[in-house]
Amino acid sequence: GILYETIVDAHVRSQQSEQALSFFNEMTAKCLVPTSNTLNNLLESLVESNNFEKAWWVFNEKKGFVVYDLYTFGIMIKGCCANGHLNRAFEVLGVMESLGLSPNVVIYTTLIDGCCKNGDIERAKQLFNNMGQLGLTPNQFTYTVLLDGLFDCGLKEEGFELFGKMKLDGVLPDAHTYSVMINVHCNNGRLNEAFDVLDEMREGGFSCNVVAYNTLIGGLCRRSRVMEAEKLFGQMKGTNLDPNLITYNTLINGFCHANKLDKALGLFNQLKSNGLVPSIATYNILIVGFCRAGNPERVSEFVGEME
RNA sequence: CGGAUCUAAGACCAGAUCA
């Protein structure tokens with residue numbers, strides 16, 4: 001039994017979810033019962049390797065054989081939501097409750113996020129409002145997912161209200177929360193407000209992180225303020241923060257739109273010399289940019305480099 | 001009876017498609 005557990009875990013750790021699954025099946029075929037922990041690690045690795053249907057199969061097949069815990073249900077709910085099956089996510093919740101397990105704040109947060117990302121903001125709000133009845137207290141994660149969901153469907157006022165309520169309830173915003181707030185202001189073209197939030201974030205004890213910088217750089221670019229974006233990029237590097245691929249993509253896109261293709265190219269080279277690997281998005285940005293500028297030689301260079 | 005440890009939740013980039 002222990003031997004099989006070890007083998008399954010080893011394959012999970014080396015990201016070979018399919019092999020992990022076949023050893024898991026071999027194990028259960030011999031009537032050896034895996035621990036919840038092994039099951040959970042397997043399910044998560046299947047979900048993460050885009051094998052959700054296999055995870056779903058295991059989940060349905062091993063009910064009553066392996067002991068399912070809150071982690072099991074959390075992983076499955078997230079998997080359902082990430083694959084567009086909101087209805088199945090609620091089915092999973094039902095199974096969980098029928099086994100006598102009560103949802104915790106993680107389960108609820110996962111569901112709320114799933115509703116938001118699948119376009120059911122009303123249900124997300126309902127879940128949020130029901131938490132108190134169930135003795136659950138929304139935390140930083142819960143508020144952040146709902147804020148993000150509200151802003152994604154354009155419910156700005158509600159979002160700002162919720163942000164206020166969060167603080168009144170004594171739940172301190174963290175770096176993720178602040179990034180969501182910075183993002184909504186950037187999307188509205190309100191750069192001053194975005195930088196105000198950044199100040200608030202710093203007062204709250206968080207330094208500007210890569211995501212916040214990326215968001216602000218993107219916001220500036222979209223308002224055609226590329227030079228300021230570039231300045232911010234410089235400031236970022238000055239604070240020992242390493243720009244990531246998204247930083248580069250964002251700024252390259254800004255320079256392409258501003259018709260500063262030399263700058264865009266320079267950043268493209270810089271990213272590679274910093275050990276980053278361009279993504280499909282990077283090439284897309286450059287190809288579109290150089291197409292617009294009528295530079296077919298560069299375009300075919302990029303296309304060739306992509307494969 | 002009481003501890004300890006382990007596995008689940010959130011933010012940022014280009015385009016495409018369908019309605």
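Chain letters run A, B, ... following the sequence lines, proteins first and then strands; every chain starts at 1.
Side-chain contact check for A:E5 versus A:T35: some heavy-atom pair is nearer than 4.5 Å.
Set against B:U7, B:G10, B:A8, the side chain of A:V106 has B:A8 as its closest nucleotide.
OP1 and OP2 of B:A9 both lie 4.0 Å or more from every side-chain N or O belonging to A:K117. Under 4.0 angstrom from either OP1 or OP2 of B:A9 there lies at least one side-chain N or O belonging to A:K78.
Stacking between A:F141 and B:A9 is shown: the ring centroid lies under 5.5 Å from the centre of the six-membered base ring, and the planes differ by under 30°.
Under the ring-ring contact (aromatic ring centres under 6.0 Å, His included) criterion, A:H257 pairs with no residue at all, not counting sequence neighbours. Not counting sequence neighbours, A:Y108 has no partner by the ring-ring contact (aromatic ring centres under 6.0 Å, His included) test. Checked against ring-ring contact (aromatic ring centres under 6.0 Å, His included), A:F255 has no partners two or more places apart in sequence or in another chain. Scanning for side chain to side chain donor-acceptor pair (under 3.5 Å) contacts around A:E193 gives A:R190, with sequence neighbours left out.
Relative ring orientation between A:F128 and A:Y143 is described as perpendicular, the plane-to-plane angle rising above 60° on a 0-90° scale split at 30° and 60°.
Between A:L162 atom CG and B:G10 atom P there is a gap of 18 Å when expressed in whole angstrom units. Taking atom CG of A:N37 as the reference point, atom P of B:U7 lies 8 Å away to the nearest angstrom. Here B:A9 presents its C1' atom at 12 Å from CG of A:D174, a figure rounded to the nearest Å. In this structure, the CZ atom of A:F59 is 13 Å from the C1' atom of B:A8, given to the nearest Å. The interatomic distance linking A:M181 (CE) with B:G10 (P) rounds to 19 Å, in whole Å. Rounded to an integer number of Å, the gap from CD of A:E44 to P of B:C6 is 15 Å. Distance CG (A:L136) to P (B:A9): 17 Å, rounded to an integer number of Å. Rounded to whole angstrom, the span from the CD1 atom of A:I182 across to the C1' atom of B:G10 amounts to 15 Å.
Contact of A:N139 with B:A9 (side chain to base): a donor-acceptor pair of N or O atoms is detected under 3.5 Å. No hydrogens or angles were tested; on distance alone, a donor-acceptor pair under 3.5 Å links the side chain of A:N104 to the base of B:A8.
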What string of B, S and - do you get for nucleotides 12-19 of chain B, 5' to 3', if B is base contact, S is sugar-phosphate-only contact and - is no contact with any protein heavy atom under 4.0 Å?
BBBS----
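Nowhere does RNA chain B pair in an unbroken run of 3 or more (Watson-Crick or G-U, both distances under 3.5 Å).
The backbone N or O of A:W56 lies less than 3.5 Å from a partner atom in the side chain of A:N60, making a donor-acceptor pair.
At the heavy-atom level, A:T177 lies under 4.0 Å from base atoms of the strands shown.
Between A:F24 and A:Y4, the distance from one ring center to the other does not fall under 6.0 angstrom. Ring pair A:Y248/A:F268: centre-to-centre distance not below 6.0 Å.
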Begin from the C-alpha positions of A:E228 and A:R223 and carry the test salt bridge (charged side-chain N to carboxylate O under 4.0 Å, His left out) through to its verdict.
CA-CA 10 Å; A:E228 287 162 83; A:R223 300 295 283 181; over 6 Å; no
